[in-house]
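A quick write-up on the structure given underneath.
Every chain is numbered from 1 and lettered A, B, ... according to where its sequence line falls, protein lines coming before strand lines.
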Amino acid sequence: MTQYKSDFLRILEERGFIHQCSDPEALDEAAQNGVITAYIGFDCTATSLHAGSLLPIMILYWLQQTGHKPITLMGGGTTKVGDPSGKDESRQLLNDEQIEANMAGIKKVFAKLLTFGDGPTDAIMVNNDDWLKELNYISFLRDYGPHFTINRMLSFDSVKLRLDREQPLTFLEFNYMILQAYDFLELNRRHGCTLQMGGSDQWGNIINGMELTRRVAGNQAYALTSPLLTTASGAKMGKSASGAVWLNGDMLSPYEFWQYFRNTEDADVGRFLRLFTTLPLDEIARLESLEGVELNEAKKVLATEVCALVHSRVEADEAAETARKTFEEGAAADGLPTFTHDLGAQPGLLTVLVASGLASSNGEARRHIKGGAIKVNDVSVSDEKRVLSVSDVNAEGVIKLSFGKKRHALLQPS
RNA sequence: GGAGGAGUGCCCGAGUGGUUAAAGGGGACGGGCUGUAAACCCGUUGGCUAUGCCUACGUUGGUUCGAAUCCAACCUCCUCCA
């Protein structure tokens, strides 16, 4: 491993963010001698990013913390075309208003970790639609087509894999590479951006952009990728029982977000602490050396720290406290997901479970009751005809519903 | 343009006239064991106003008492030929 001299690369290296880097020595040099401007591209297909995007966001965080300028590139233009990589169902195409709304939602998370503004190291958010929509096919081909050889494009893993497996690769997809490369060039021209970062699966695309920038603009540029993030047991990052692990509070409560990280597998604790928190490395080393039950303490620290970064310190502490009451005291902590329901008509448990979001249909609720997964005020229920009434309301004025050991909701009588 | 093959539930994949809401596996969820972990074992894995009804095997029609299964057209993909 290279011994990096710049703060930026040294920190990324120490914390496990680096998978590949195009010219480490030169980039290290550049990062020492001045401000580098770097970008990462993000999808804007939803109003929030999810946990899978946390890793690139943290890279941008460290970039800015070490005195450089982050650019968050929103793929507004590419979103309009639709991502072709999903084979059968082509993603629904979004219109300008939706994309606009999504970008606004996503920016809320960036704003928690990055400082935006006009200063030399302030972050900026740009939308590739700004330049992609202006492109003229013929002049684009003439200006940039000569810089890409099919021979070379065919040699990229992303392409080779598809061809080897005899899966179709459409011309549209094939062109994505070029559009992405063009983004890099455009950012270089507009903002002096010299580094693109991304997941290891983006390596080929990034290299293309780097070379295009060098050929057309004559500027040295760099590529840096991070490892593809999966849990120790191989699952993709960012899915939980209740769906995607959104970063925005209005999509997923801080408490549920906290729970996601609290449930990290043992084998991932150290890695995640390095990647997703800003704790000093010696502190992390201490935490990950804990064993058995004690490691749970490290998981709580992990959950609270990540939650504090993405939401706020106050919300993180509240989430930790809610979890403590719920799991360590078995109480009905008021920070649990809460919903209101009328008890006047003595609603059936099935209906209420669906209303709470713990089950998505009566049938599912029924199965869960049969499977012994449902509790009302911590008492198992086996009767699917069970009805709720005011007599079920506990001393705190709510009814606690549980699905399994981990998911709870409070019913507030209305 | 010609000749063949394929399209099944979240995914992979069996089924080739009724007993099929559809084998098996994966994933996911729940239970057990634990530490709100992993591994392992067990269970569940269309919907509903529910001894019944509705939706579902690429799409639309047809044959039949009855179709995922047979027929026709169409759509999509793959292979070979031109």
Between G62(B) and U51(B), how far is it from one P atom to the other, in whole Å? 32 Å

Rounded to the nearest Å, what distance is computed from the CG atom of residue Asp266(A) to the C1' atom of nucleotide A37(B)? 4 Å

Touch class at under 4.0 angstrom, heavy-atom based, for Lys299(A) against every strand present: base

Which whole number of Å gives the distance between the C1' atom of C75(B) and that of G30(B)? 41 Å

Ignoring the backbone of Gln259(A), work out which of U36(B), G47(B), G35(B) is nearest its side chain. U36(B)

Main-chain N/O of Ala223(A) paired with Ser22(A) side-chain donor or acceptor, under 3.5 Å: yes

Contact nearer the 5' end of RNA chain B, comparing Thr264(A) with Ser360(A): Thr264(A)

Among A37(B), G32(B), U36(B), the nucleotide that comes nearest once only the side chain of Lys405(A) is considered: G32(B)

Stem list for RNA chain B, please, built from Watson-Crick and G-U wobble pairs under 3.5 Å and keeping only runs of at least 3. B:1-7 with B:75-81, B:10-12 with B:24-26, B:27-32 with B:40-45, B:46-48 with B:52-54, B:58-62 with B:70-74

Are Arg386(A) and Asp392(A) close enough for a salt bridge, meaning some N to O gap below 4.0 Å? yes

G58(B) versus C78(B) - spacing of their C1' atoms, nearest Å: 15 Å

Nearest to the side chain of Asn362(A), heavy atoms from C-beta on, is which of U36(B), G35(B), C48(B)? C48(B)

Between the side chains of Asp7(A) and Arg10(A), is the shortest nitrogen-to-carboxylate-oxygen separation below 4.0 Å, so that they form an ion pair? yes

With a non-hydrogen cut-off below 4.0 angstrom, is Arg262(A) in contact with a base, only sugar-phosphate, or nothing? base

One thing to verify: whether Lys5(A) and Glu25(A) come together as a salt bridge, which I'm taking to mean a side-chain N less than 4.0 angstrom from a carboxylate O. no

Check the distance between U34(B)'s C1' and Asn263(A)'s CG and give it to me in whole angstrom. 14 Å

Taking the C1' atom of each, how far is C10(B) from A72(B), in whole Å? 33 Å

Closest of U36(B), G47(B), C29(B) to the Phe403(A) side chain is C29(B)

Please figure out whether Gly372(A) or Val293(A) has its closest RNA chain B nucleotide nearer the 5' end. Gly372(A)

Just the rounded figure in Å: distance from C1' of U36(B) to CZ of Phe327(A). 5 Å

Nearest-Å distance once atom C1' is located in both G26(B) and U44(B): 15 Å

Leu358(A) CG to G30(B) C1': how many Å, rounded? 13 Å

Flag the pair Glu384(A) and Arg367(A) as a salt bridge only when some basic side-chain nitrogen lies within less than 4.0 angstrom of an acidic carboxylate oxygen. no

Where the side chain of Ser361(A) is defined as all heavy atoms beyond and including C-beta, which of G47(B), U36(B), A38(B) is the nearest nucleotide? G47(B)

Ring-plane angle category for Tyr144(A) and Phe140(A), please: parallel below 30°, perpendicular beyond 60°, tilted otherwise. tilted

In whole angstrom, what separates Ile374(A)'s CD1 from C29(B)'s P? 15 Å

What interatomic distance, in whole Å, is found between P of G35(B) and the corresponding atom of G25(B)? 31 Å

Asp268(A) bridged to Arg271(A) by N-O distance under 4.0 Å: yes

For Arg367(A) and A28(B), is the shortest distance between a side-chain N/O and OP1 or OP2 below 4.0 Å? no

Please report the distance separating the C1' of A67(B) from the corresponding atom of U19(B), rounded so that it comes out in whole Å. 15 Å

Rounded to the Å, how far apart are Glu328(A) CD and U36(B) C1'? 9 Å

Under 4.0 Å between a Lys/Arg side-chain N and an Asp/Glu carboxylate O for Asp122(A) and Lys69(A)? no

Do Arg152(A) and Glu211(A) sit within salt-bridge range, that is, some charged N less than 4.0 Å from a carboxylate O? yes

Distance between C1' atoms of U60(B) and G5(B) (Å, rounded): 22 Å

Separation of atom CZ in Arg407(A) from atom C1' in C29(B), rounded to whole Å: 9 Å

In whole angstrom, give the distance that lies between atom CD of Glu265(A) and atom P of A39(B). 7 Å

Applying a 4.0 Å non-hydrogen cut-off, can you work out what Gly292(A) is touching in the nucleic acid: base, sugar-phosphate, or nothing? base

